[in-house]
Amino acid sequence: MGLQINTLSAMQDYLKQQIEAALRKLAPDLDVPEITIEKPRSPEHGDAATNVALTLAKVLRDNPRSIAQKIADHIDVTSGYIHGVEVAGPGFINFRFSDSWLYDQLSEAYQSGRNFGRGSTLQDKKIQVEFVSANPTGPLTVGHGRNAVLGDTIARVLEWAGGDVQREYYFNNAGRQMRILAESVRARYLQAIGLDAEFPEGGYEGVYITEIAQKVLQENGDELTGEEHLAIFRKAAEEGIFDDIKQTLARMNITMDSFFNENTLYEDGSIDKVIGLLRDKGLVYEKDGATWFKTTEFGKDKDTVLIKSSGEPTYRLPDIAYHINKLDRDFDLAIDVFGADHIATYPDVISAVEACGFDSDKIDVIVYQFVTIVKDGKPFKMSTRKANFVTLDELMDEVGADVTRFFFLMRAPGTHLEFDINEAKQAGEKNPVFYLQYAHARIQSIMRKVRQSYDFSKKSPDFRQLSHESEITLIKRILEFPDIITFTARQREPHKLINFLNELATAFHKFYHDCRILGEDEKLAHARTELLTVTAIVLANGLGILGISAPEKM
RNA sequence: GACCCUAUAGUUCAACCGGAUAGAACAAUAGCCUCCUAAGCUUUAGAUCCAGGUUCGAGUCCUGGUGGGGUCACCA
């Protein structure tokens with residue numbers, strides 16, 4: 001046998017080698033193309049399939065089925081890994097894995113225990129995921145939820161693939177919005193002590209502003225009537241709101257490793273440095289009292305302002321400096337998670353980073369489409385300033401953290417997500433997340449019963465006992481898990497993991513329906529019990545990556 | 001108006017690099033608890049926006065329409 005084939009992807013490589021060897025014998029002069037192995041949609045078509053014969057029909061001037069048959073005849077089926085090779089349809093070659101190979105793999109998975117699925121493709125890679133990054137002007141809304149949950153889940157899956165991941169929250173506590181926020185708090189404070197204060201134009205109207213003002217009043221008394229005390233209100237607002245944000249995140253199972261204040265970039269001179277670097281490259285010029293960045297050099301139809309005529313930089317300048325800062329911190333990969341509203345601006349940042357002599361390939365951007373809130377059958381426009389929004393906390397009060405996370409993750413980031421508040425509220429027991437959790441709880445329940453009737457502690461299971469169709473299907477699903485992790489980590493699309501877990505849960509529920517443990521003879525009961533041990537581990541690990549609990553009971 | 005994203009079952013979404021009979025869930029339909037949790041299993045019905053093109057083969061790629069979302073400020 002020689003080489004060890006201990007994962008599905010290793011199996012695919014093995015099949016590729018076999019096919020290549022066959023092709024070299026059949027057509028020595030042929031320039032062998034990239035061979036793709038895929039899992040057929042229908043189980044009738046085996047466990048793995050290739051379309052090489054179809055792609056080679058033209059070059060070899062032969063019909064695909066005939067080519068496929070010739071290749072199939074040259075495949076070595078004596079190795080013990082493969083059980084059968086067939087030609088089917090227009091010229092596909094289908095492979096079936098041998099049962100003995102499946103048992104061996106299941107046995108390995110069983111021995112890996114809770115670490116089953118952990119990979120090493122990102123071993124020794126320093127990765128940063130920046131997400132949420134909402135300025136402290138108000139509570140996190142449902143809109144921020146998708147960002148937060150996506151970022152955290154991507155971080156988790158990268159960790160499972162072996163990466164050393166840092167979660168960072170970038171914020172700005174110095175801009176115009178923060179000033180308006182402070183003025184809003186001050187106005188509420190003055191109103192609270194009976195003064196006739198004018199509320200700032202475009203101010204923040206949420207009740208949380210009044211609460212912060214009350215707190216300032218309690219802690220500092222009613223002496224802060226002068227304009228010079230604005231900084232106190234600003235600080236109180238920032239701290240109060242940040243505490244709130246952190247609590248909301250914690251409730252969603254999210255913990256940041258670091259918070260990065262935009263202001264740092266001004267203090268350490270990074271901003272000036274960036275301007276200098278871009279100026280040296282001739283990419284910056286002055287016009288109408290403002291400083292412009294020649295984005296037209298990078299295919300944009302307009303140039304972009306970096307510093308306004310007022311002397312204030314636009315947000316793009318610190319964004320550039322921030323990304324350079326990340327690369328300076330030696331991350332092998334810096335991932336940004338942000339909404340579709342940034343889609344037009346990040347190319348400027350990338351261009352600038354590149355122009356300053358940094359490797360922008362290390363920056364990867366995940367753009368997710370916006371969440372449309374639907375309430376009472378109508379789209380719901382949100383605005384933080386008008387306090388017209390649904391907070392994440394309110395949502396979690398209604399449906400819980402697990403459902404909230406699941407809801408944001410079940411769709412591909414690139415698709416528009418419709419979030420029907422009424423539906424999410426009443427989803428309750430019909431929610432798809434329970435389907436996965438129930439599978440886990442059901443297994444744990446069986447385990448409690450099994451422990452009362454059997455004692456397996458002295459022997460290791462003999463998986464060859466498993467031959468029922470439902471058992472084989474479940475084993476095959478389980479073995480896909482490590483590759484799903486790798487794939488999800490590479491694509492950064494957590495919904496792929498959800499789709500997999502759904503299939504796994506379906507395979508388990510089917511098994512539950514068809515096969516029993518209690519009352520079966522000891523060898524079979526043992527094998528089935530440990531099959532479920534592995535199933536439960538995959539479910540718990542998968543749910544863990546999604547940041548969702550795997551309950552013992554439901 | 002220009003640019004970006006998007007269009008799949010009644011509804012919300014899948015479909016790995018262009019592959020075989022387009023999958024789920026909810027809603028609808030007909031069944032299954034003397035049996036380890038019926039939050040489950042099984043049954044029936046139902047879809048690729050329109051018009052061209054490339055290909056042995058298109059939901060997937062190209063062109064042109066149409067509908068939905070977003071971005072185009074010395075606002076963040």
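Proteins come first, then strands; the chains are lettered A, B, ... in the order of their sequence lines, and each starts at number 1.
- When distances run from any side-chain atom of A/F370 to the nucleotides B/G70, B/C36, B/A20, the shortest one goes to B/G70.
- Of the nucleotides present, B/G70 is the one that pairs with B/C3 by Watson-Crick or G-U wobble criteria, both distances under 3.5 Å.
- Across B/U37, B/C74, B/U55, the shortest atom-to-atom separation from the side chain of A/R448 is found for B/U37.
- The side chain of A/R41 places no N or O atom within less than 4.0 Å of a non-bridging phosphate oxygen (OP1 or OP2) of B/A14.
- Shown here, B/A22 forms no base pair; nothing in the strands shown gives a Watson-Crick or G-U wobble contact with both key distances under 3.5 Å.
- Counting heavy atoms from C-beta on, the side chains of A/F293 and A/Y285 never come closer than 4.5 Å.
- Atom CG of A/L317 and atom C1' of B/C74 are 13 Å apart (whole Å).
- Of the candidate nucleotides B/A76, B/A20, B/G40, B/A20 has the atom nearest to the side chain of A/A88.
- Listed candidates were B/C75, B/A39, B/C35. Nearest to the side chain of A/M554 is B/A39.
- Using a 4.0 Å heavy-atom distance criterion, A/A290 is classed as a base contact.
- Listed pair A/Y435 / B/C41 meets the phosphate criterion, a side-chain N or O lying under 4.0 Å from OP1 or OP2.
- The CG atom of A/N502 sits 19 Å away from the P atom of B/U12 (whole-angstrom rounding).
- As judged by a 4.0 angstrom heavy-atom cut-off over every strand, A/K39 is placed among the base-contacting residues.
- In this model, the phosphate group of B/U37 is approached by a side-chain N or O of A/S445 to a distance below 4.0 Å at OP1 or OP2.
- As judged by a 4.0 angstrom heavy-atom cut-off over every strand, A/G414 is placed among residues touching the sugar-phosphate backbone only.
- B/C26 and B/U43 are spaced 15 Å apart, taking the P atom of each and rounding to whole Å.
- Across all strands shown, A/T55 has heavy atoms under 4.0 Å from base atoms, whether or not it also approaches the sugar-phosphate.
- Taking the O4'-C1'-N9-C4 or O4'-C1'-N1-C2 dihedral as appropriate, B/C4 has a value more than 90° from 0 and is therefore anti.
- The phosphate of B/C35 has neither OP1 nor OP2 within less than 4.0 Å of any side-chain N or O from A/H513.
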(Q) What verdict does the ring-ring contact (aromatic ring centres under 6.0 Å, His included) test give for A/F260 and A/Y169, after you've listed the backbone C-alpha separation in whole Å, the side-chain angles of each residue and the deciding distance to 0.1 Å? (A) CA-CA 6 Å; A/F260 191 100; A/Y169 186 124; over 10 Å; no

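- In terms of position on RNA chain B, the residue among A/I93 and A/R176 whose nearest nucleotide sits closer to the 5' end is A/I93.
- Phosphate proximity of B/A14 to A/T415: present, with a side-chain N or O under 4.0 Å from OP1 or OP2.
- The nearest whole Å value for the distance from the CG atom in A/L504 to the P atom in B/A14 is 21 Å.
- When Watson-Crick and G-U wobble pairs are counted only if both distances are under 3.5 Å, B/U60 pairs with no nucleotide at all.
- In this structure, CZ of A/F434 is placed 17 Å from P of B/A25, rounded to the nearest angstrom.
- Contact between the side-chain N/O atoms of A/K308 and the OP1/OP2 oxygens of B/C75 is found at a separation under 4.0 Å.
- Geometric assessment of A/R477 against the ring of A/F500 yields a negative cation-pi assignment under the 6.0 Å and 45° thresholds.
- Here CD of A/Q452 is found 9.0 Å from CG of A/L518. Values are rounded to the nearest 0.5 Å.
- Aromatic pair A/H342/A/Y346: ring centres not closer than 6.0 Å.
- Put simply, OH on A/Y368 is 13 Å from C1' on B/G70, counting in whole angstrom units.
- Of all nucleotides listed (B/G19, B/U37, B/C36), B/U37 comes nearest to the side chain of A/Y438.
- Atom pair A/E493:CD and B/C16:C1' shows a separation of 10 Å (rounding to whole Å applied).
- Nucleotide B/G40 has B/C32 as its partner under the Watson-Crick or G-U criteria, with both atom distances under 3.5 Å.
- Looking at A/D341, its side chain has no donor and acceptor atom pair within 3.5 Å of the base of B/G70.
- At a threshold of 4.0 angstrom between heavy atoms, the contacts of A/E312 with the nucleic acid are absent.
- Between A/N499 atom CG and B/G23 atom P there is a gap of 15 Å when expressed in whole angstrom units.
- For B/A15, the OP1/OP2 oxygens have a side-chain nitrogen or oxygen of A/K496 closer than 4.0 Å.
- Taking 4.0 angstrom as the limit, A/K302 places a side-chain polar atom (N or O) nearer than this to OP1 or OP2 of B/A73.
- Note on A/T345: nothing from the nucleic acid sits closer than 4.0 angstrom, heavy atoms only.
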